[in-house]
Amino acid sequence: MLVVQRMSLAASYCVICCRRIGTFVPRSKSHTSWRNIRNIVRFTGSLIVGGSLFITYQVLALKKSLTLDTQVVEREKMKSYIYVHKALVDSLDNHGIVWQARKELHRAVRKVLAAAAKVLRSPFAGPFSTVDIEDHDCAVWLLLRKSRQDDLAARLEAVREMSEAHHWHDYQYRIIAQACDPRTLIGLARSKESDLRFFLPPPPLPSLKEDSSTEEEFGHLLASLPQTELDECLQYFTSLALSESSQSLAAQKGGLWCFGGNGLPYAESFGETPSATVEMLSLEAIVKHSEIPSHCDYIEAGGGLQLLQRLYQLHKDCPKIQRSVLRIIGNMALNEHLHPAIVHSGWVSLLAEALKSCHIMEASHAARTLANLDRETVSEKYQDGVYVLHPQCRTSQPIKADVLFIHGLMGAAFKTWRQHDSQRALTENALVDEDSYTTCWPKTWLAKDCPALRIISVEYDTSLSDWRARCPMERKSIAFRSNELLSKLRAAGVGERPVIWVSHSMGGLLVKKMLLEASQKPELSALINNTRGIIFYSVPHHGSRLAEYSVNIRYLLFPSLEVKELSKDSPALKMLQDEFLELVKDKDLQVLNFVETQPTFIGSMIKLQVVPVESADLGIGDLIPVDVNHLNICKPKTKDAFLYQRTLQFICETLARDLEN
C-alpha cells in the first residue's frame, strides 16, 4: 500500500506540474528562462522518481512470485511417485454436451498454460539453470519416457543408460522402480551394472489360513494339479509326496506316528525335520508339473507364485530348496501369458538379486528365468535343464558361436565342470574366489578367454537320487534322452550358429546319438551343418568295464538299462559307433579325445578304470591320455593346466574362421 500511495502522489505531482506549465503567464525574458529551467527539472525529476518507484515495485513483485522454496523442493524429493496408467473411458460414461464442453475447455486451458509457460520461462532459463534437482529429475523422467517409446532401439538405449546411472539420489532410483513398465524392469534386472535400488521389495504375502502351515499349503497345491498328461514316474512321485505330507501333518498334530504324541521324537530320529523332507518331495513333484504348460496355469491360479516365494524366503539357508523354486519359476516363465503375474508378484526383484549372487548355480537359475521373461532381446526359450553360463546378462558383445557342455550319468550341469577338488582343499581356509577356485570353469575361465561365445550347460535326469527314491517305472534309453535333449536345444536356438560339443563319459554317447538323429531330420539340418567339432572326455565309444561287474555293483552308478548299453557286445553301441564315424568323415568334423589313465574308486571297496584307453579311441582325431581318474578327467587343476589349455586351443582353432567373421 505504501508503494501504491507513493506512486499516486508522484503521478499527481506530475499532473500539477503539467497544468502549471500549461497555464503559466509569460513574464520577462530573464525570469522566463530561469523558470522554464526550473519547471523542466521538476518535471524530469518527477518522471524519474515515479518511474523508479514503479519499476522497483514490479521487480519486487516478480521476484516474490518466482522465489523457489527450497524446503518445499526437499520435501517433494522424498515423496513416492506412483505411475498410473491411462484408463480408457467407456463410451457409456460420456454425459452428453456438458461433459464434452468441459473436456474441450480443459484441453484449451492446458494449451494456453503450456504456451504461457514457454513464453515466461525462456527469459529466466539462465538464472535457474544452476538448480541441481532440475537436471537430475529431468534426466530420470526423460529416460522413463524414452523407455516407453515404440522404437526398440530407443527402449534398449534407455535401459542401458538407467543401468549405468550410479550417481543418482536414492529417491530417483525409487521413481524408476515405481514408474517403469514390466519390460523395462526385466531389462534392468538383466543388466549387469544395474543398482538393486531399481527394484521394489516384493508385495506382502497373503497370510496363511488359521491352523495351516507352508507344508500343508503345498500339499493342497499339489493335490489341486491335474493328474492328466503325466508320465508314470510323475504320478508315482506325486502320490508319494502327498502320502508323506499327510503322514507328516498327522505326526505334527499328534497322529499315527507317535500314537498320541506330538511327533517330535520320531522326527528327530530322521536327523532332519520331516517338514523339510516333505517340502522337498512336493517341490520336486511341482517341478515336473511345471514342465507341462497347462499345469502352470493351475499353479498360478492356486497361489503358487506367492507360496513359492514364501518358501524361497523361508529357506534362505537351503540352496537346494531355493534352486528347486527357481526351476519352477523358470518353467512358468516359458509361458508368456504368465509374465504379468510373475512380475506383479515381485519375483523380478528376487531374481535380480539372485543374478548377482557369487554362487554360480543360484545365478544361473536366475539368469535362465530372466532370459525367459526378457522378450525384448531374447528370442530363444530355455527349458528345464538348459542353462546359459555366458552371457547371463544383456550385452553389446555379438555372439558368434555356441559351445555346449553335456555331462555323463550321475553328473550335473555345474558340478561335472568344476575345478579339481584338490585346489579347493588348498584354499578352503582362505577366501575362495574365481581366480583361486571355480565351481564351473566354463563360466569363469572360458567366458573370459572367449567372450564371443554363448556357453550352455545341459542337465538331464540320470538318476532319481534328487527325489530320494527310485522310480520303479523309470526306463530311459540313450535314444529317448537324445530326442528329449534335441527338442530342448532346438528351442534354445542351438544350430543357428557354429557349434562345438564338449562331453564327458555317457554324455559323449548322447552327443553322438543326437547328431545322428539330427542328420536324418530335414528340420535339424542346420544343426549338422553348423557343428564344427566335438571334445570327448573319457567317452566309452566301445563299451565300459563297468558292465563286466555284477548287477549290484552296476546299480551303484547307473540304471540297469544304461549299463546294458555300455556292454562291449551291445549291438546298439556298435551301430552308434559305426554310423557316427561315417558322419564325422562325411562332414569333416574336428575331434579331440581325452582319456583317463588312473583307476576310479566306486564306493569304498571297488577300484577300476571305468573307460580304458582302447574304448576312448574314436578312431579319428587326437587321443590324449591324462594322468587322472574318470571323475577328474574333465576337471582341470588350474587355468594354466594342460587339460584346460588344450581344450581352449581346440575351441579357438576350430572356430577361428567363424570368430573372425
Side-chain angles (χ1 to χ4, degrees), residues 147 156 158-168 170 172-174 176-178 180 182-203 308-309 311-330 333 342-343 345-374 376-378 382 387-397 413-414 417-418 431-448 451 454-457:
S147 68
L156 298 181
V159 172
R160 185 189 63 79
E161 292 179 11
M162 288 179 188
S163 66
E164 294 176 354
H166 302 293
H167 60 281
W168 287 354
D170 183 72
Q172 292 172 312
Y173 291 102
R174 298 305 179 187
I176 298 290
Q178 296 181 76
C180 68
R183 61 190 179 189
T184 301
L185 185 67
I186 294 170
L188 288 171
R190 292 198 69 234
S191 299
K192 186 176 182 179
E193 302 297 331
S194 61
D195 196 296
L196 288 178
R197 287 175 290 178
F198 280 122
F199 310 98
L200 296 175
L308 290 167
Q309 191 175 128
L311 192 66
Y312 183 84
Q313 296 178 345
L314 186 64
H315 293 281
K316 291 184 177 180
D317 57 342
C318 184
K320 189 173 183 180
I321 288 182
Q322 289 199 319
R323 290 195 299 268
S324 296
V325 171
L326 291 179
R327 282 180 67 187
I328 297 171
I329 303 300
I342 295 174
V343 173
S345 61
W347 268 108
V348 176
S349 301
L350 299 175
L351 292 169
E353 183 179 0
L355 184 61
K356 297 182 182 296
S357 172
C358 60
H359 301 289
I360 291 178
M361 294 178 68
E362 182 181 0
S364 298
H365 279 278
R368 169 183 169 253
T369 305
L370 287 171
N372 287 336
L373 289 172
D374 186 7
E376 291 269 275
T377 61
V378 182
Y382 299 101
Y387 300 98
V388 178
L389 303 181
H390 174 80
Q392 293 186 339
C393 301
R394 285 187 177 182
T395 177
S396 58
Q397 169 71 52
F414 304 99
W417 312 107
R418 67 184 184 272
L431 180 62
V432 178
D433 56 23
E434 292 182 349
D435 294 330
S436 59
Y437 184 83
T438 175
T439 55
C440 187
W441 60 262
K443 180 184 185 302
T444 306
W445 299 343
L446 186 59
K448 289 182 180 179
R454 180 177 65 158
I455 304 173
I456 293 177
S457 186

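Source: prediction; values computed, not measured. Count residues from 1 along the sequence.
Within the 4.5 Å cutoff, no side-chain heavy atoms of Arg394 are placed close to those of Arg160. Using a 4.5 Å cut-off on side-chain heavy atoms (C-beta onward), Tyr312 and Leu326 make contact. For the pair Leu389 and Phe414, the minimum side-chain heavy-atom distance is below 4.5 Å. The closest side-chain heavy-atom distance from Leu200 to Gln178 is below 4.5 Å. Looking only at side-chain heavy atoms (C-beta outward), Leu188 and Ile176 come within less than 4.5 Å of each other. The shortest distance between side-chain heavy atoms of Leu351 and Leu373 falls below 4.5 Å.
Taking the side chain to side chain contact (heavy atoms under 4.5 Å, CB included) definition, one finds that Lys192 meets it with Cys393, sequence neighbours left out. Leu314 pairs by the side chain to side chain contact (heavy atoms under 4.5 Å, CB included) definition with Thr214, not counting sequence neighbours.
Between Trp168 and Phe198, the ring-plane angle classifies as perpendicular under the 30° and 60° cut-offs.
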Derivation of the side chain to side chain contact (heavy atoms under 4.5 Å, CB included) call for Glu376 and Val159: CA-CA 11 Å; Glu376 291 269 275; Val159 172; over 6 Å; no

Pair Ser194, Lys356 - check side chain to side chain contact (heavy atoms under 4.5 Å, CB included), show working. CA-CA 10 Å; Ser194 61; Lys356 297 182 182 296; 4.1 Å; yes

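A distance-only check finds no donor-acceptor pair linking the side chain of Asp374 to the backbone of Ile186 [under 3.5 Å]. Checking side-chain atoms of Gln309 against main-chain N and O of Ser345 turns up a donor-acceptor pair under 3.5 Å. In this structure, His315 contributes its side chain and Gln322 its backbone to no donor-acceptor pair below 3.5 Å.
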Check: residues 358-365 side-chain donor-acceptor pairs under 3.5 Å, at least two apart:
| residue | atom | partner | partner atom | Å |
| --- | --- | --- | --- | --- |
| Glu362 | OE1 | Ser357 | OG | 3.1 |
| Ser364 | OG | Ile360 | O | 2.8 |
| Ser364 | OG | Gln392 | NE2 | 2.9 |

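Counting non-hydrogen atoms of other residues, nucleotides and ligands closer than 6.0 Å to CD of Gln313 gives a total above 12.
Nearest heavy atoms, Ser457 versus Ala413: OG-O, 2.6 Å.
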